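Please read the structure below before turning to the comments.
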Amino acid sequence: MAIWREENPLRRWRAKQPPEGWKCSVLARQLGVSHTAVGLWEAGRRLPLIDAIVKIEELTGISAKEWMEWYKQKPSEDRS
């Protein structure tokens, strides 16, 4: 499960950014969501709603297709 979480597209994108620029709270503010929402997305416990996916794509280039491809690989015992 930990390996799958590490492959989260948003988590990978944030890891490539300068640490001082894209903390979870900064990203949340830019997307107009709570930092809790970003944390849930990165943990794979929730997927962003379509309006958030659009904002994420505009900001990061991560497409809805990338999210779905990642999520489909979620270990079956943890799917909810």
Side-chain angles (χ1 to χ4, degrees):
M1 186 71 172
I3 293 170
W4 175 77
R5 284 187 179 129
E6 291 300 317
E7 293 299 315
N8 177 288
L10 192 57
R11 183 182 292 240
R12 284 184 302 150
W13 180 84
R14 279 197 327 114
K16 293 178 184 175
Q17 306 309 308
E20 67 281 356
W22 289 101
K23 294 180 181 174
C24 192
S25 58
V26 173
L27 179 60
R29 228 173 307 133
Q30 291 291 322
L31 297 172
V33 300
S34 69
H35 70 278
T36 304
V38 173
L40 289 170
W41 300 339
E42 289 189 348
R45 295 181 63 203
R46 298 247 169 103
L47 285 173
L49 297 175
I50 194 68
D51 59 331
I53 286 178
V54 169
K55 290 177 184 177
I56 290 168
E57 186 169 7
E58 290 172 353
L59 185 65
T60 67
I62 300 167
S63 69
K65 182 179 178 182
E66 286 177 81
W67 277 104
M68 293 300 105
E69 287 174 355
W70 169 76
Y71 194 75
K72 285 187 330 187
Q73 296 175 16
K74 186 174 186 177
S76 61
E77 67 272 7
D78 295 312
R79 243 177 236 250
S80 51

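The structure presented is a predicted model; accordingly, all values stated were derived computationally and were not measured. The first residue of the sequence shown is numbered 1, and numbering continues consecutively from there.
- When the side-chain contact (heavy atoms from CB on, under 4.5 Å) test is applied to A43, the partners found at least two apart in sequence or on another chain are R5, R45.
- Legend: residues meeting salt bridge (charged side-chain N to carboxylate O under 4.0 Å, His left out) with E6, ordered by chain and number and at least two apart, are R11.
- The shortest distance between side-chain heavy atoms of V33 and L27 does not fall below 4.5 Å.
- Residues V54 and I62 do not share a hydrophobic cluster, clusters being chains of Ile/Leu/Val/Met/Phe/Trp/Tyr side chains in contact below 4.5 Å.
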Please lay out, stage by stage, how I53 and L47 fare under the test side chain to side chain contact (heavy atoms under 4.5 Å, CB included). CA-CA 9 Å; I53 286 178; L47 285 173; 5.9 Å; no
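- Residue pairs meeting the side-chain hydrogen bond (donor to acceptor under 3.5 Å, both in side chains) criterion with at least one member in residues 26-44, sequence neighbours excluded: R14-E42.
- A distance of 5.0 Å separates CH2 of W13 from CG of L59, quoted to the nearest 0.5 Å.
- Tracing side-chain contacts under 4.5 Å through hydrophobic residues (I, L, V, M, F, W, Y), one never reaches L40 starting from L31; they form parts of separate clusters.
- Annotation: salt bridge (charged side-chain N to carboxylate O under 4.0 Å, His left out) contacts involving residues 46-67, sequence neighbours excluded, comprise K65-E69.
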Could you give me the CA-CA distance, side-chain angles and deciding distance for E7 and R12, then say whether side chain to side chain contact (heavy atoms under 4.5 Å, CB included) is met? CA-CA 6 Å; E7 293 299 315; R12 284 184 302 150; 4.0 Å; yes
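- Counting all heavy atoms, side chain and backbone alike, G44 lies closest to W4 at CA-CH2, 3.6 Å.
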